[in-house]
Amino acid sequence: MSAQPDHAPLTPHAPAPGAPAELLAQLRADKRADSWVPAFERQWTAALEESRRTFSLAGLYEVVQEWQGRIAHAPAVDAFVASGYDDSDAVDLAELRRRRR
């Protein structure tokens, strides 16, 4: 029998202790550094304040994982943009949500 209730949310895997610093170095080296570094720092600061208030590291883990994903997928996004692929038939999700209301 487990001490954890069945409905307990899963906590994301903890990043390595140096992951935030390594991530920030990668962001600073990226061509999008002017916009990405301040955005990361805002999210990190907000998650840090939440962590202090709630005694949970989950928000910090989520910020690191989200930005690691952005960096990992940036080359694919760049390739898509450079390909000139016509995405004009894409659906605007914001408009779709407004229609549902």
Please tabulate, for side-chain N and O atoms in residues 21-34, each donor-acceptor pair with protein atoms closer than 3.5 Å (sequence neighbours left out).
unit_1	atom_1	unit_2	atom_2	d
D30	OD1	R32	N	2.8
D30	OD1	R32	NH1	2.9
D30	OD2	R32	NH1	3.3
R32	NH2	D78	OD1	2.3
R32	NH2	D78	OD2	2.6

Next item on the list: Salt-bridge test for R70 and E66: reply yes if a basic N is under 4.0 Å from a carboxylate O, no otherwise.
Entry: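 Counted as a salt bridge, because a side-chain N and a carboxylate O are separated by less than 4.0 Å.
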Notebook entry, point to check: Do NZ/NE/NH1/NH2 and the carboxylate oxygens of E49 and R52 come within less than 4.0 Å?
Noted result: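 Yes.
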Check: Any side-chain heavy atom of W44 sitting closer than 4.5 Å to one from W67?
Finding: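 Sidechains of W67 and W44: no contact.
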Check: OH of Y61 to OG of S56: how many Å apart, nearest 0.5 Å?
Finding: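 Y61 OH to S56 OG: 8.0 Å, rounded to 0.5 Å.
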Next item on the list: Looking only at non-hydrogen atoms, find the nearest pair between A74 and W36 and report the distance.
Entry: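 Looking at all heavy atoms of both residues, the shortest contact is CB-CH2, 4.0 Å.
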Margin query: Determine whether a donor-acceptor pair (N or O, by modelled atom type, separation under 3.5 Å) exists between the side chain of T45 and the backbone of E41.
Written below: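 Yes.
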